[in-house]
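Just below is one structure, and these are the notes that go with it.
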Amino acid sequence: MTLNKKLRVAVLASGGGTNLQSIIDQSQEGILDAEICLVLSNNQDAGALKRAQQAGIETLCIDHRDFKTREQFDQTVVAALKKAGTELVVLAGFMRIISEIFLQAFPQKIINIHPALLPAFPGLHVQQKAIEYGAKFSGCTVHFVDAGVDTGPIIAQAIVPIFNDDNEEILAARILEQEHKIYPQAIQWIAEKRVKIEGRCVHIEDSKNVTAAFINPPIR
Ligand code: GAR
C-alpha cells in the first residue's frame, strides 16, 4: 500500500546506525511510507549522523553530558523533535533511558528495537547473555516504549538460532540482519494505522499468521 501522506519519523541513534540505514533505504525504495524529518544523536561521533548527512537528512547532536539531569536533556530533545514535526519517535540503538517527560510528550508514539527476544534478556550486552545462558534461540523485538527498561508492548519479533561456536559479535550480526527487516516493517504498519494496542498486547490488522515452528538443534 502506498500512502498519500508520509509519516514524519525522527530517528534517535547513538551508534553505527545500520538500523537507520535500513529505514533510509526502504524509504528511498518506496517500500516504507516514512519521511525521516530528523536524525538525533547524543554522540557527535555516531556513524548514524554521517549516514543521515549522506542521505541529505537533517541531523542534530545533543550531548547528554551537557545537562545536569535526564529530564533537562529530555526536555531539549523533545523540543527539537516537536520543532521538526515528529509524529513517530524511532529509537535505533539510542543508549539513553527515556524519562516520563519524554513519554508524556509522545504517548504511544515512541518505539524501540532490542536485540533479544523480550521479555528474555532486557538491558545491555544481551547477545553475550543469551549465549552464556545457553539459549538455543535469540532474536530481536520491536516494541513501544513505556516507563520500564525494554518492557513495553511488543509489536514484532524475529528469531535466530544460537550455535555452539557463536560469539557475541557473530550472534549480534545474525540478529542485526533481522532487525533491518522487522524495524522498517513495524514503522510501515504504524504509517498504515494498522497497529492497535490493547493493554500489553499489540495487534496488526489484516496480518497473516506464521505457520512455521523451529527446533534447534533439529530433530534427527
Ligand atoms: C542494535 O542491535 C539495536 O538493537 C541495539 O543497538 C544496536 C544498534 O545498531 N539497541 C539496543 O541495545 C537498545 N537497548 P545500529 O546502530 O547499527 O542500528
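Just so you know, ligand 1 is whichever comes first in the structure, and atom 1 is the first atom listed for that ligand. No experiment lies behind these values; they were computed from the predicted model shown.
- For Lys196, there are no side chain to side chain donor-acceptor pair (under 3.5 Å) partners at least two apart in sequence or on another chain.
- Classified by interplanar angle (parallel below 30°, tilted 30° to 60°, perpendicular above 60°), the ring pair Phe121/Tyr133 is perpendicular.
- When heavy-atom distances to ligand 1 are checked against 4.0 Å, the residues falling inside are Gly15, Gly16, Gly17, Thr18, Asn19, Gly93, Met95, Ile113, His114, Pro115, Leu176, Glu179, ordered by chain and number.
- Residues passing the side chain to side chain donor-acceptor pair (under 3.5 Å) test with Thr76, sequence neighbours excluded: none.
- Using a 4.0 Å cut-off between a side-chain N of Lys or Arg and a carboxylate O of Asp or Glu, Glu35 and Arg8 qualify as a salt bridge.
- Residues forming a side chain to side chain donor-acceptor pair (under 3.5 Å) with Thr18 (at least two apart in sequence, or on another chain): His180.
- Side-chain contact between Leu20 and Ile36: present, with at least one pair of heavy atoms (C-beta onward) separated by less than 4.5 Å.
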